[in-house]
Amino acid sequence: MATIAVGILVLWFALSVVAQVSDRCLRTLRRYDVLGLIPAYNFFAPTPGTLDYHILVRDLSSDGELTGWRELPYLPSTPWAFVWNPGRRHNKAIFDVMKDLAAWINELGPDKASIYLSTPYLTVLDHVSALPRAEAATKTQFLLMSSRRRQGAGVDVAPVFLSALHPLI
Amino acid sequence: MTADQYLVLTEQLVAVAVVISCLEYLVRPGVLSDHGLAGWPVGRLTRRWKTGPWGAVLDAILVPSRYRIVLLLRCGAAVMLLVPWTEPVPRVAALAIVVVSSLLAQVRSSYGHDGADQMCLVVGGAALVARIALVTEAALWFIALQACLAYATAGLKKAASPVWRSGEALPGVLGTTIYGNARAHRTLVRHPGIARLGCFSVIAIETAFPLALIGLAPVTCVLLALGVAFHASTVILMGLNTFFWAFTATYPAIVYVALAR
């Protein structure tokens, strides 16, 4: 029993080391790591996330008019975030979805339509489709933007991805 | 202190991270709801096996209403770990709940997790193996080596990055909404020398961290103190509250491996 247990720990550590060697090693291992046991320790490296991501939504009404864009807000931080920071999970999820979508876009082959069945696309589409709406809408569309605080004052904003218009059921 | 007492301390520290994390999810469950960004209806589509023969079992556990019960159980198990039980059975049960619920969280969705969740799984998993197979010393070695691997990987990858070496990384990260701090961002933008010093300090602490295991008490103590200071600063500036507990949970194992054996 003890030998098997030590063997498990040795194997787990060895795979953890291999996973840190390169992104390719990590991706290969994670393909088989269905339970998420292999860690990735490259916190904020090599390129740290210095962008803010934003999800904007607009709808197509039944009379064919497009609404203006509205941004889905980040959950606010509290002055006690150093001990209690419940909004960070939602905010981190926005960041993760955007990073995942950017990776999909970079790796898209000639069949660009595959993005529409990707996990990040479906995640955002499902999320924005279920948002409460003041007025009846027939279709919805989302826009993903990035922004970066300038070294001086102001913010640089750039579009990342515009979705198709999807029917609302 | 015995190896078992070091392991108990490690379990208690990681339990604090688990309790905070569970309560944060329970207070703001929107992200886990069916249409949340970490929702199960899309999460279940990410791998074929989640909708195969296991699908019905996972569906039964991971729908939001039942997953809240999983989170409550996880929170309760972590509270149990905070109590220094002498009987091994309650600790094994509590650790098993913490580890299985960590795995379920990974299966449910890959969005919204962070490095602290990852370290909780690594530490909790090793502690569970130690308790079941009575291999406390091996588990403490495993935890200490994982911590050193984590810091060294993060440090070396930062050292290879022009963004970190130029000093632009810290003001950039602190300028974001989710990890930002407006005052610290402004200060570092105004004083690029301080920003560069900060970046190199992070690289130096992380890269040098494995030296904590060489067995020289002053070196180990200085590196662990720097580690605590580093995590305290990320808590205050970036709101990485559970990182502090998850990573300092590995420090008793490092002390045991480096100094106490």
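Convention: sequence-line order gives letters A, B, ...; per-chain numbering from 1. Excluded from the calculations below are hydrogen atoms, water molecules and symmetry mates; all remaining heavy atoms, backbone and side chain alike, are included.
- Contacts between W84(A) and chain B at a heavy-atom distance below 4.5 Å involve backbone atoms as well as side-chain atoms.
- For E107(A), the CD atom is densely surrounded, since the number of other residues' heavy atoms within 6.0 Å is greater than 12.
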Apply ring pair (Phe, Tyr, Trp, His ring centres under 6.0 Å) to Y151(B) and F43(A), showing your working.
CA-CA 9 Å; Y151(B) 285 113; F43(A) 308 123; 8.4 Å; no
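- Your options are V128(A), V10(A), V97(A), and the one with the most heavy-atom pairs under 4.5 Å with chain B is V97(A).
- Looking at T176(B) and R148(A), their side chains never bring a donor and an acceptor atom within 3.5 Å of each other.
- Note that OG of S16(A) and CG of L145(B) are 10.5 Å apart. Values are rounded to the nearest 0.5 Å.
- Atom CD1 of I94(A) sits about 6.0 Å away from atom CG of L37(B), to the nearest 0.5 Å.
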Full working for side chain to side chain donor-acceptor pair (under 3.5 Å) between Y41(A) and Q118(B):
CA-CA 9 Å; Y41(A) 288 135; Q118(B) 202 173 254; 5.3 Å; no
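- Proximity of N241(B) to R88(A): side-chain heavy atoms (C-beta onward) are separated by under 4.5 Å at one or more points.
- For W49(B), the part lying near chain A is the side chain, with the backbone staying farther off; criterion is any non-hydrogen pair under 4.5 Å.
- For the residue pair A130(A) and H35(B), the shortest heavy atom distance occurs at CB-CG, 3.3 Å.
- Contact of the P39(A) side chain with the M119(B) side chain is not registered, since no non-hydrogen atoms from C-beta on lie closer than 4.5 Å.
- The structure places NZ of K158(B) at 11.5 Å from OG1 of T47(A), a figure rounded to the nearest 0.5 Å.
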Determine whether M1(A) and V135(B) satisfy the following criterion, side chain to side chain contact (heavy atoms under 4.5 Å, CB included), listing intermediate values before the conclusion.
CA-CA 9 Å; M1(A) 182 82 157; V135(B) 287; over 6 Å; no
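- Contact of the Q106(B) side chain with the L35(A) side chain is not registered, since no non-hydrogen atoms from C-beta on lie closer than 4.5 Å.
- The shortest side-chain heavy-atom distance between F95(A) and I178(B) falls under the 4.5 Å cut-off.
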Go through V235(B) and V83(A) one step at a time and tell me if the side chain to side chain contact (heavy atoms under 4.5 Å, CB included) criterion holds.
CA-CA 8 Å; V235(B) 168; V83(A) 282; over 6 Å; no
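- I132(B) touches chain A through backbone and side chain together, each having a heavy atom under 4.5 Å away.
- Top candidate by heavy-atom pairs under 4.5 Å with chain A, chosen from L149(B), V129(B), V31(B), is L149(B).
- Each of A133(B), A159(B), A232(B) has some count of heavy-atom pairs under 4.5 Å with chain A, and the biggest count is that of A133(B).
- Here I143(B) contributes atom CD1 and L9(A) contributes atom CG; the two are 8.5 Å apart, rounded to the nearest 0.5 Å.
- When side chains are defined from C-beta on, S110(B) does not count as touching D96(A), because their heavy atoms never get closer than 4.5 Å.
- Y74(A) touches chain B through its side chain: at least one heavy atom from C-beta onward sits under 4.5 Å away, while N, CA, C and O do not.
- Heavy atoms closer than 4.5 Å to chain A are found in both the backbone and the side chain of A182(B).
- Under the 6.0 Å cut-off for aromatic ring centres, Y179(B) and F44(A) qualify, their centroids lying closer than that.
- Of the two parts of R30(A), the backbone and the side chain both hold a non-hydrogen atom closer than 4.5 Å to a non-hydrogen atom of chain B.
- Heavy atoms closer than 4.5 Å to chain A are found in both the backbone and the side chain of L23(B).
- The greatest number of non-hydrogen atom pairs below 4.5 Å with chain A, out of E206(B), K157(B), Q146(B), is found for Q146(B).
- Counting heavy atoms from C-beta on, the side chains of R28(B) and H90(A) never come closer than 4.5 Å.
- Atom CG of D126(A) is separated from atom CG of D34(B) by 8.0 Å, given to the nearest 0.5 angstrom.
- Looking at V122(B), both its backbone and its side chain come within 4.5 Å of chain A, counting heavy atoms on both sides.
- With a 4.5 Å cut-off on non-hydrogen atoms, A138(B) touches chain A through its backbone and its side chain both.
- For Y25(B), the part lying near chain A is the side chain, with the backbone staying farther off; criterion is any non-hydrogen pair under 4.5 Å.
- In this structure, P46(A) and W164(B) have side chains that are not in contact, with every pair of non-hydrogen atoms separated by 4.5 Å or more.
- R149(A) and T177(B) form no side-chain donor-acceptor contact under 3.5 Å, judged by distance and modelled atom types alone.
- Closest approach of W12(A) to L121(B), counting heavy atoms only: CH2-O, 3.8 Å.
- Put simply, the side chain of L45(B) does not reach to within 4.5 Å of the side chain of T119(A), judged on heavy atoms.
- In terms of heavy-atom pairs under 4.5 Å with chain A, the best-connected choice from G172(B), G155(B), G112(B), G36(B) is G112(B).
- For the atom pair NZ (K92(A)) and CG (D117(B)), the distance works out to 8.5 Å, reported to the nearest 0.5 Å.
- By number of non-hydrogen pairs under 4.5 angstrom with chain B, the leading residue of P48(A), S129(A), S118(A), S147(A) is P48(A).
- Within a 6.0 Å radius of CH2 in W40(B), other residues, nucleotides and ligands contribute more than 12 heavy atoms.
- Residue W69(A) qualifies as enclosed at atom CH2: its count of foreign heavy atoms under 6.0 Å is above 12.
- Among I38(A), V34(A), T78(A), the residue with the largest count of heavy-atom pairs under 4.5 Å with chain B is V34(A).
- Across I20(B), D114(B), V107(B), V163(B), the residue that shares the most heavy-atom pairs under 4.5 angstrom with chain A is D114(B).
- The 12-atom threshold is exceeded at CG of L11(A), counting heavy atoms of other residues, nucleotides or ligands nearer than 6.0 Å.
- Counting heavy atoms of neighbouring residues, nucleotides and ligands inside a 6.0 Å radius, atom NZ of K99(A) does not exceed 12 of them.
- For the options A150(B), A152(B), S102(B), S21(B), heavy-atom pairs under 4.5 Å to chain A are most numerous at A150(B).
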